[in-house]
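Structure first, commentary second.
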Amino acid sequence: MTATVKGPASYLPSIEKKYGRPVAEWKDLIRTSPLTKHMELVAWLKTEHGLGHGHANALVAHTLAEDTAKDA
């Protein structure tokens, strides 16, 4: 039995399908952006890259959580 993916990670397959870029590429963009605040990054992805709010929010949340876990 496969566990259901929950939270921001549940959006990742649909992000790749809809926007045609691998999640790793989106994460690299987020990490190299001069912006650091969650909502600033979400707004930037929406305005500069045309992502919907839910997808942008999921990418930022997932990326920042990963980075926080690495620093811990």
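Model, not experiment: these values are computed from the prediction.
Proximity of the aromatic rings of His55 and Trp26 is defined here by a centroid distance below 6.0 angstrom, and this criterion is not met.
Considering all non-hydrogen atoms of both residues, Tyr19 and Gly52 come closest at OH-N, 3.0 Å. Of all non-hydrogen atoms in Glu16 and Pro22, the two that sit nearest each other are OE2-CA, 3.5 Å. Contact detail for Leu35 and Trp44: the closest heavy-atom pair is CD1-CB, 3.5 Å. Contact between Ala56 and Lys46 at its shortest, heavy atoms only, is CB-CG, 4.0 Å.
Rounding to the nearest 0.5 angstrom, the gap separating the CD atom in Glu66 from the CG atom in Asp71 is 11.5 Å. Taking CZ from Arg21 and NE2 from His49, the interatomic distance works out to 6.5 Å, rounded to the nearest 0.5 Å. A distance of 3.5 Å separates CG of Leu59 from CD1 of Ile15, quoted to the nearest 0.5 Å.
Between the side chain of Thr63 and the main chain of Val60, no donor-acceptor pair closer than 3.5 Å is present. Panel note: side chain Thr68, backbone Leu64; a donor-acceptor pair is recorded below 3.5 Å.
Under the side-chain contact (heavy atoms from CB on, under 4.5 Å) rule, Leu41 has a single partner from Leu29, Ile30, Asn57, which is Ile30.
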